[in-house]
Amino acid sequence: MSIKVLFFASLRERLGRGDVQLDASSPLSIAEVWQQASGEICLPANVLVSINQTYADATAQVQPGDEVAFFPPVTGG
Amino acid sequence: MSIKVLFFASLRERLGRGDVQLDASSPLSIAEVWQQASGEICLPANVLVSINQTYADATAQVQPGDEVAFFPPVTGG
Amino acid sequence: MIAVELHDGSFDPWRYLTDWQQTRQLSARSGATAVFVGTMRDFNEGDDVQSMYLEHYPGMTENQLHAIAADAQQTWSLDDVCIVHRTGEIRPADAIVLVAVWSAHRAEAFAACRHIMEVLKHHAPFWKKETLRNGTTRWVDKNTPG
Amino acid sequence: MIAVELHDGSFDPWRYLTDWQQTRQLSARSGATAVFVGTMRDFNEGDDVQSMYLEHYPGMTENQLHAIAADAQQTWSLDDVCIVHRTGEIRPADAIVLVAVWSAHRAEAFAACRHIMEVLKHHAPFWKKETLRNGTTRWVDKNTPG
């Protein structure tokens, strides 16, 4: 199984990648997903997280097969 | 000089008249204008008054040459 | 800019806004547009309404609408305000009133549009007379609450 | 009814509402329509903006907009809600967002329309990147206040 990780907007440009597949056979924390997908240690405080296209907080667990996205504050409308 | 008096909507229908010209050579009170134009003694409490197309209260003075209107609560929009 | 119009015949509020926008397309200065459209319903106070006659006070009605728009422009930071109102014989589903407000800021656009509608309902000299489906007529004696 | 649409090209909000209305003309059930249109301006934070790119999260963006509309229908008594939002390359004076709410009551229509805009601004996954007149680009890092 794998976890699909997406980055959007300024975060995508800063990291130089838009999506990453992580191998995962057991649940991971958001912090672990961030570290493995971004190559950075700490999840910046203003980065928003979604799991399977629903907002999640930094304490959520990610299951194998999930889609996780990291993105900056939204600016639509 | 004269005072032009207008009645609108249900008030016009109840009184059976839409406009009345009053002869006037000196100022009149709203109560006097009402009595002379409608033929009724008392100005009903829920009747609104305008002088020269601006809202007025029942204590206002009407000058010869003015246009006075009496009408029920408004229901536009 | 302020525009006030009375229509003694049906008008299409979206067509009106399309035309308005076309004359101002290039300025691009208003980030926020708030619009309200009031439409005639086919029921009121539990009865089926077939048609409605909207009486007004020619002269004073236009002046009041203009004053309401001007007052809103004093209170909020608005680019344009337009108020269009029907008069005469009206059928269910017809637009009765259009209030549109353009501003740089959405909070001001929303607040002004709503305020204009409330003041219009309470101060603009219009009177509705309904013809019910059973043929009887009646004057509407009070407005619907906000 | 709820309608949510993303447009990767310019759209005319008044044309959209005209079309919407034509399919519902006969029902005559909504007395109040409240509409908000957000339009791209040619300046932001003191700089001249030439164009804007609007990125979104395909799938999640539509889901979020639908959830925002459904939530409003739970809170207020609404007949219909539609949300239309641009994506991609946008020019000054283009419409970015249209929110339209139909209700029997004007207070509910106004409140729901305004609420939907605020929630959309804070929760719908869209990101604006501006190209200034001098050729530089920048991500907009926060929304304008309400």
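So that the names make sense, note that chain A is the first sequence line, chain B the second, and so on, each numbered from 1.
- Identified by a heavy-atom distance below 4.5 Å to chain D, the contributing residues of residues 5-16 of chain C are D12(C), W14(C), R15(C), in residue-number order.
- Residues W139(C) and E55(C) have side chains in contact (heavy-atom distance under 4.5 Å, counting atoms from C-beta outward).
- To the nearest 0.5 Å, the span separating CZ on F36(C) from CE on M117(C) amounts to 4.5 Å.
- When atom types are taken as modelled, the side chain of N63(D) and the backbone of G59(D) share a donor-acceptor pair closer than 3.5 angstrom.
- For chain D, the option among A95(C), A109(C), C113(C), A100(C) with the highest count of heavy-atom pairs below 4.5 Å is C113(C).
- A side-chain donor-acceptor contact under 3.5 Å links S103(D) to the backbone of S77(D).
- When each of D79(D), D80(D), L78(D) is paired with Q73(D), the side chain to side chain contact (heavy atoms under 4.5 Å, CB included) condition holds for L78(D) and for no other.
- Qualifying salt bridge (Lys or Arg N to Asp or Glu O under 4.0 Å) partners for E62(C), counting only residues two or more places apart in sequence or in other chains: none.
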